[in-house]
Amino acid sequence: MKTVIIFDHPYTATAGNNVPHHRSFLAALLQRVMTQQRQAHNDVDLIDLHADGFNPVMSAEDLSNWRRGRATDPQVADYQQRLLNADRIIFMFPVWWEVMPAMTKGFLDKVYAKGQLYDAQTMKTKLTKQPRIDIITTMGTPNLAYRLLFGAPLAKLLFRGTFLKTRLWHFKWHNFAQVEKKSLQQREQILQKFSV
């Protein structure tokens, strides 16, 4: 099986080693996920958006290509081909202001594009393998407040507004709230127990 991981964090995938001022719990989770996938003999394809220098901004030229069903640039075309070959897709990003960061939003806008990865008329996905999709997030907002007070906007945007809309049925969300308030021992326990 081929697992494609889309990782979005400014510190990149290199930030999982607990180095002060360049560390990310999300990157530590990434190391855990990649290890598990390789132990399961899955082919792991990492798309590290910040390390790749991905530009999430949709320019006028990009939009013109997007409307014609063309890739906006060679990097986007490469990402699209990698997703078409995926048996499993894992998105990993921090939740900022209750939604995903610009890189992930731009990835969805430019890469999961009509005419390329879904049909504009039927809204049906072109990901014919019907990959399982996992979303792995970290956030400062408490889980209960995120769901009850804010209405879980990420779930509405991704699951209803993107995946279900284009008939991608198999997805799961793994969220880690208030990680920064947990002790090192608690974070290590989360990493040891976490499995996708």
Sequence neighbours left out, what pairs pass salt bridge (charged side-chain N to carboxylate O under 4.0 Å, His left out) with at least one residue falling in [range]?
range: residues 65-75; result: none
range: residues 111-128; result: none
range: residues 158-185; result: none
range: residues 51-65; result: D62-K110

Would you say that [X] contacts [Y] through its side chain, given a criterion of any heavy-atom pair below 4.5 Å between the two side chains?
X: V95; Y: M100; value: no
X: I47; Y: V4; value: yes
X: T162; Y: Y118; value: no

Are [X] and [Y] linked, directly or through other ILVMFWY residues, by side chains that come within less than 4.5 angstrom of each other?
X: M1; Y: I6; value: no
X: V196; Y: I89; value: no
X: L29; Y: I135; value: no
X: L63; Y: V111; value: yes
X: L157; Y: L164; value: yes

As a quick check of understanding, evaluate side-chain contact (heavy atoms from CB on, under 4.5 Å) for I5 and L30, giving each step before the final call. CA-CA 9 Å; I5 302 173; L30 172 65; 3.7 Å; yes
Polar side-chain atom of [X] near backbone of [Y] as donor-acceptor pair, under 3.5 Å:
X: Q186; Y: S183; answer: yes
X: D134; Y: I90; answer: no
X: S64; Y: A60; answer: no
X: Q36; Y: F194; answer: yes
X: D87; Y: P131; answer: no

Let's go through D43 and T3 carefully: what are the C-alpha distance in whole Å and the side-chain angles of both, what is the deciding distance for side-chain contact (heavy atoms from CB on, under 4.5 Å) to 0.1 Å, and is it a yes or a no? CA-CA 6 Å; D43 178 24; T3 301; over 6 Å; no
Run the ring-ring contact (aromatic ring centres under 6.0 Å, His included) test against Y79 and tell me which residues pass, sequence neighbours left out.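 By the ring-ring contact (aromatic ring centres under 6.0 Å, His included) rule, Y79 matches F54, F107.
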Grab the two heavy atoms, one from [X] and one from [Y], that are nearest each other, plus how far apart they are.
X: R32; Y: Q192; result: NH2-O, 2.6 Å
X: E98; Y: Y146; result: O-OH, 2.6 Å
X: A77; Y: A71; result: CB-CB, 3.7 Å
X: M92; Y: L26; result: CE-O, 3.6 Å
X: A86; Y: K129; result: O-CD, 3.5 Å
X: Q130; Y: L168; result: OE1-CA, 3.8 Å

Give me the ring orientation class for F163 and F171: parallel if the planes are under 30° apart, tilted from 30 to 60°, perpendicular past 60°.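 If you compare the ring of F163 with that of F171, the planes turn out tilted.
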Parallel, tilted or perpendicular: which describes the rings of W96 and H9, with under 30° parallel and over 60° perpendicular?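 Answer is perpendicular, since the angle exceeds 60°.
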Apply side-chain hydrogen bond (donor to acceptor under 3.5 Å, both in side chains) to D109 and list each qualifying residue two or more places apart in sequence or on a separate chain.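 Result, side-chain hydrogen bond (donor to acceptor under 3.5 Å, both in side chains) vs D109: K105.
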Decide whether T137 and W173 meet the rule of one side-chain donor and one side-chain acceptor closer than 3.5 Å.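 T137 vs W173: donor-acceptor pair found between side chains.
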Pair F7 and F91, ring centroids less than 6.0 Å apart: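 Ring-ring flag for F7/F91: false, centres at least 6.0 Å apart.
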